[in-house]
Engineer: 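Structure incoming, see below.
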2 protein chains.
Amino acid sequence: MTFGEYIREHREALKEQDRRFSVRQVAQRIGVEPAYLSKIERGDVAPPSEAKIRALAEELGEDPDVLLAMAGKVSSDLQEIIRKRPQLFADLIRQLKSAPDHAILRIARDVRDGDW
Amino acid sequence: MTFGEYIREHREALKEQDRRFSVRQVAQRIGVEPAYLSKIERGDVAPPSEAKIRALAEELGEDPDVLLAMAGKVSSDLQEIIRKRPQLFADLIRQLKSAPDHAILRIARDVRDGDW
DNA sequence: AAATATGTGTACTATATACTACACATGACA
DNA sequence: TGTCATGTGTAGTATATAGTACACATATTT
């Protein structure tokens, strides 16, 4: 499923219950032209900027990191974290490339709980 | 220290011992015009593409992830790893934002050794 | 039936990215 | 001293990114 398809699907679902989720009205709320959002949803143009994707995520109640990923992007705040300690993070992330989900989850939990 | 300054410094250092490290010759080996490399080193233009930065890292014996970071970029292979599991990695990386170096290092080591 | 809202086609535009090509003054060296 | 290499100034190019503006046919609402 492409970025555009995903957006369209979820926007239309919300529209069932609330007609404020038309292309035009969502476009207005996230600050783009309706024709542009329409083209994005149909894959006629590339996904929009990170800022617009974030606004869209907020509007549709979706996870911004997931939407950014579908758009082929990585959140700029994550990039900044990595850029500040490139060797440490590059090494760790490559190690985790083939780790199972539960292992990554557990590490995140351990770090959060301060078990280190 | 900027990307350009760093490159110039390290290239000049190598040039002391080996005159094959002139702007012209390095430029030729990494596949750019000498004038362009000159401008990069003086910060006259933005850092080059990821591919050229990698070639430069190879040529100067530097860590590509570090050079990419100085250029304000994050390696595309890391971005791809994150994009495949955005929630897991986004969460983990944000957790590790303020973790001390030794903690991140230890996690990477633990993962490598399979202690999980 | 009239007014209004909706989705989309077409045609642009502005800025950034990632360079090349050529010329030229200066310095090294044979 | 002539040749060759060196670093750099100027000008230009191709492609990507991130959109806008307007018009128009088709619903939907009043």
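These numbers come from a predicted model, not from an experiment. Residue numbers begin at 1 in each chain, while the letters A, B, ... track the order of the sequences.
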Engineer: Does A:E12 have more than 12 heavy atoms from other residues, nucleotides or ligands lying within 6.0 Å of its CD?
Structural biologist: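 More than 12 heavy atoms, drawn from other residues, nucleotides or ligands, come within 6.0 Å of this atom.
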Engineer: What is the distance from OH of A:Y36 to P of D:dC22, rounded to the nearest Å?
Structural biologist: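 Roughly 18 Å, once rounded to whole Å.
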Engineer: Any ion pair linking B:D77 and A:R94 (charged N to carboxylate O, less than 4.0 Å)?
Structural biologist: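 Looking at B:D77 together with A:R94, the answer is yes, because their closest N to O distance falls below 4.0 Å.
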Engineer: Between A:E50 and A:K73, does any side-chain N to carboxylate O distance fall below 4.0 Å?
Structural biologist: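 The answer is no: the pair does not qualify as a salt bridge.
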Engineer: How many Å lie between CD1 on A:I40 and P on C:dG9, as a whole number?
Structural biologist: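 In whole Å, C:dG9 P lies 14 Å from A:I40 CD1.
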Engineer: Could you check whether B:V32 gets within reach of a base, just the sugar-phosphate, or nothing at all, counting any heavy atom under 4.0 Å?
Structural biologist: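 Sugar-phosphate contact only.
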Engineer: Tell me whether the side-chain N/O atoms of B:S49 come closer than 4.0 Å to OP1 or OP2 in C:dA18.
Structural biologist: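 For B:S49, the contact criterion (side-chain N or O under 4.0 Å from OP1 or OP2 of C:dA18) is not met.
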Engineer: When we call it a touch if two heavy atoms are under 4.0 Å apart, what does A:R20 touch: a base, just sugar-phosphate, or nothing?
Structural biologist: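 Nothing, no nucleic acid heavy atom in range.
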Engineer: Look only at the side chain of A:R54 and the backbone of A:S49, and say whether a donor-acceptor pair between them is shorter than 3.5 Å.
Structural biologist: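 Absent.
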Engineer: Starting at atom CD of A:E41, determine the distance to atom C1' of C:dT8, rounded to an integer number of angstrom.
Structural biologist: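 In whole Å, C:dT8 C1' and A:E41 CD are 12 Å from each other.
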Engineer: Over how many whole Å does the gap from A:K39 atom NZ to C:dT8 atom P extend?
Structural biologist: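 Rounded to the whole Å, the gap is 11 Å.
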Engineer: Starting the side chain at C-beta, find the nucleotide from C:dC22, D:dA18, D:dA21 nearest to B:A35.
Structural biologist: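 Taking heavy atoms from C-beta onward, the closest nucleotide is C:dC22.
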Engineer: Ignoring backbone atoms, test whether B:Q25 places a side-chain nitrogen or oxygen under 4.0 Å from the OP1 or OP2 oxygen of D:dT6.
Structural biologist: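 Yes, B:Q25 has a side-chain N/O under 4.0 Å of OP1/OP2 on D:dT6.
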Engineer: Distance check: side-chain N/O of B:R8 vs OP1/OP2 of D:dG7, anything under 4.0 Å?
Structural biologist: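 No, outside the criterion.
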Engineer: Between B:R11 and A:E50, which is nearer to the 5' end of DNA chain D once each is assigned its nearest nucleotide?
Structural biologist: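 It is B:R11 whose nearest nucleotide is closer to the 5' end.
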Engineer: DNA chain C: B:R19 or B:K52, which has the more 5' nearest nucleotide?
Structural biologist: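 Nearest nucleotide further toward 5': that of B:K52.
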Engineer: Can you tell me if the side-chain N/O atoms of A:S38 get under 4.0 Å from OP1 or OP2 in C:dT8?
Structural biologist: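 Yes, within the criterion.
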Engineer: Checking only heavy atoms, does the side chain of B:K15 share a donor-acceptor pair with the base of D:dT6 at less than 3.5 Å?
Structural biologist: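 Absent.
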Engineer: Distance check needed: D:dA18 P versus A:R54 CZ, whole Å only.
Structural biologist: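 Rounded to the whole Å, the gap is 14 Å.
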Engineer: Can you measure A:D44 atom CG to C:dA11 atom C1' for me and round it to whole angstrom units?
Structural biologist: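 Distance, rounded to whole Å: 13 Å.
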Engineer: Within this structure, what is the CG-to-C1' distance between A:L68 and D:dT17, rounded to whole angstrom?
Structural biologist: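 Checked: the CG to C1' distance equals 16 Å.
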Engineer: If you draw a 6.0 Å radius around CD in B:E5, do more than 12 non-hydrogen atoms from other residues or ligands fall strictly inside?
Structural biologist: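 Result for CD/B:E5: enclosed.
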Engineer: Give the rounded distance in Å between these two atoms: CZ of B:R24 and P of C:dC22.
Structural biologist: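 Atom-to-atom, B:R24 to C:dC22, this comes out as 13 Å.
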